[in-house]
Amino acid sequence: MLSSRRLAFCLCITVTVIVFCTSVVAQPTPLRSITYRLSMSRPVSHLFEVVIEIELPDELKDKPVELQMPKWSPGRYAVFDFAKNVQEFRAMAGICPPRAQCKMSPRPVKRIDDQTWQVDTQGSSSVTINYKVFGNDLSGTFSQLDERHANYNGGSIYMYVVDHKPDPVKLVIDPPAGWKVINGRTEHPGQTEWQFANWDIMIDTPTEIAPDWTVDDFQVDGKKYHVMVHSFGSEGGKRSALVRDIEKIVRAETAMWGPPEFDEYTFLIHFAADDESGDGMEHLTSTQIIESGALGEPGVYDGALDTVAHEFFHVWNVKRLRPFELGPWDFTREVGTRGLFIAEGFTNYYGHLMSRRAGLWDDARFLKRESRTITGIEIAPGSRLMSAEDSSISAPFLDDAPHAQKTNLENTSISYYPKGELIAMVLDLLIRGRSGGKRSLDDVMRAMYEEFYLKSSNNSYYLRGRGYQPEDLQRVASKVAGVDFEDFFQRYVRDTQTLPYNEAFEFVGLRVNKVQLKEPFNAGLSVQFDDPGTPLIESVRNDSPAETAGLQSGDRILQLAGRGLTKDNWLQTLARYKTGQTVPITVKRNRRTIKTNIVLGEPERFEYRIEELEGATPEQKRLRAVWLNGK
Ligand SMILES: [Zn+2]
Ligand SMILES: [Zn+2]
């Protein structure tokens, strides 16, 4: 997924605390068994039906059992409070065999906070929990059940037993007649039961259940890859080509990292054909990708591959090589990490670079894409206010978080995705340049993976290895490159200075040119056109002519110098004015009509273009080819 922002702590203290905790805090006795049963008897209701059967050890059967709905789920850092969609929570003594008609006696349930249900077992050695969850969002974060399919992200469906997330769990899915189940842990067709090492792994296994998805397979390095596609619109005959191009991406990324740890991996891809759904979510042995269009429509094919290149890179970067805070998680509150610019931003960079290395993009397309990213960051007012680490730690505010309160984030924030992408690219080129092409960011990422995932002892029940802090990346990058990157990380990661683009690009015979766009003036606002057809102010830049005129986001522009504005005459009307002119403007704000004057300022929009460096040497061009081809 996407996001950015954060701060610094002392690694040794953090590690010491963890070691101390794990050595002195006794783990609760594991439950004798936890079985989840998922059914969906009435798809049109959008209600998933969940049963949790719990067998208690003797020492726990007189204690209350608490079930908790996570407040958020991994890969998205905003709090969504999945508990709001839970209904009809019930508890009963005992466990009834499937399809048997049992008379079970209810047990008292108390809701003790917004995400926790407490069950009084009254001494029973086993309890059965029932609840329903409403889900009608096709998304990697939420879940959807309708007449077409069930597609879920486990974090939005399954409660965990408090204190027992590490316990093994069993899952049994009862699909509607004729519907087939597939996920990244499917071992044979028709499988409806799974045993998971713990709850975290279960919710890391998004699942698709429908009558009509397709699956295509390929193998790379002896590993099996499955491409599940569920199309709600025409595929235009493009599916087999899509699978072949996904295989190219897999080959390019595994060429950098080496064969992945798993035996099988599943791409779960939806072409939603609804103009609104769109998402990509990474998991250990699968990814959920949702494209809003139909595969047969222009641009959708490329968009899907772009997402595939990003999500598959997460197999290593974030799912296994992960920031310290990311797994196992505390689902009672948002989790901050300063490392999302690495986890997401570096993945953005490599997603694009791998599209080039896989042969799906040519050099020009890659450089154009990165030019666009540079422009986006350099013209954003927030890029001088928010560092890559601050952006990472602010992810709960930025990662598509709902805002009931008006904010100034438009002016104060940047996303850790593009900022991290640019840090990765510049760092990569500096390492390549300063080592004469002998080392690269690829080496740094592999060294990080080896140190923190492959060779580190496990620091939790959840997964192999341990997490890193951004300081670890600085240390490993400095060691691999033989260059001290303290100054680089201080200026461009922890502070907000402009990245040294030209120093970096010169090593590969390129330069970044800043080009002023031909605009007659600057007003400092952006607008959108919605149904009424008049411009709605979307954002107002701080210290801009629009702000000085008293305009606000949400204002609807009625007239400019007495002329009514529409989507059709908007640009034509603006072209009549130039810098320094004072223009009367009328806006509607709620019930008020406000007349003011805007004094148009100097044009200040720029575009950044990565272009050929005049007189680039063969050595510079050689380094560029190695960078773009990966060899
Ligand atoms: Zn991502
Ligand atoms: Zn589906």
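Sequence positions, counted from 1, serve as the residue numbers for this chain. From a predicted model like this one, the values you see are computed outputs, not experimental measurements. Each ligand, and each atom within it, is numbered from 1 in the order the structure gives.
Checked against the Zn ion (ligand 2), the N, O or S atom of His149 at the shortest distance is ND1. Sorting the N, O or S atoms of Glu208 by how far they are from the Zn ion (ligand 2) puts OE2 first. The N, O or S atom of His310 lying closest to the Zn ion (ligand 1) is NE2.
When rounded to 10 degrees, the angle formed at the Zn ion (ligand 2) by NE2 (His270) and ND1 (His230) equals 110°.
Ionic pairing of Glu235 and Arg239 is present here: one or more N-O contacts between side-chain nitrogen and carboxylate oxygen are shorter than 4.0 angstrom.
For the pair Arg148 and Phe232, the cation-pi test (distance below 6.0 Å, angle within 45°) is passed. Trp194 does not carry Lys170 over the face of its six-membered ring by the limits of under 6.0 Å from the centre and within 45° of the normal.
Aromatic pair Phe312/Phe267: ring centres closer than 6.0 Å.
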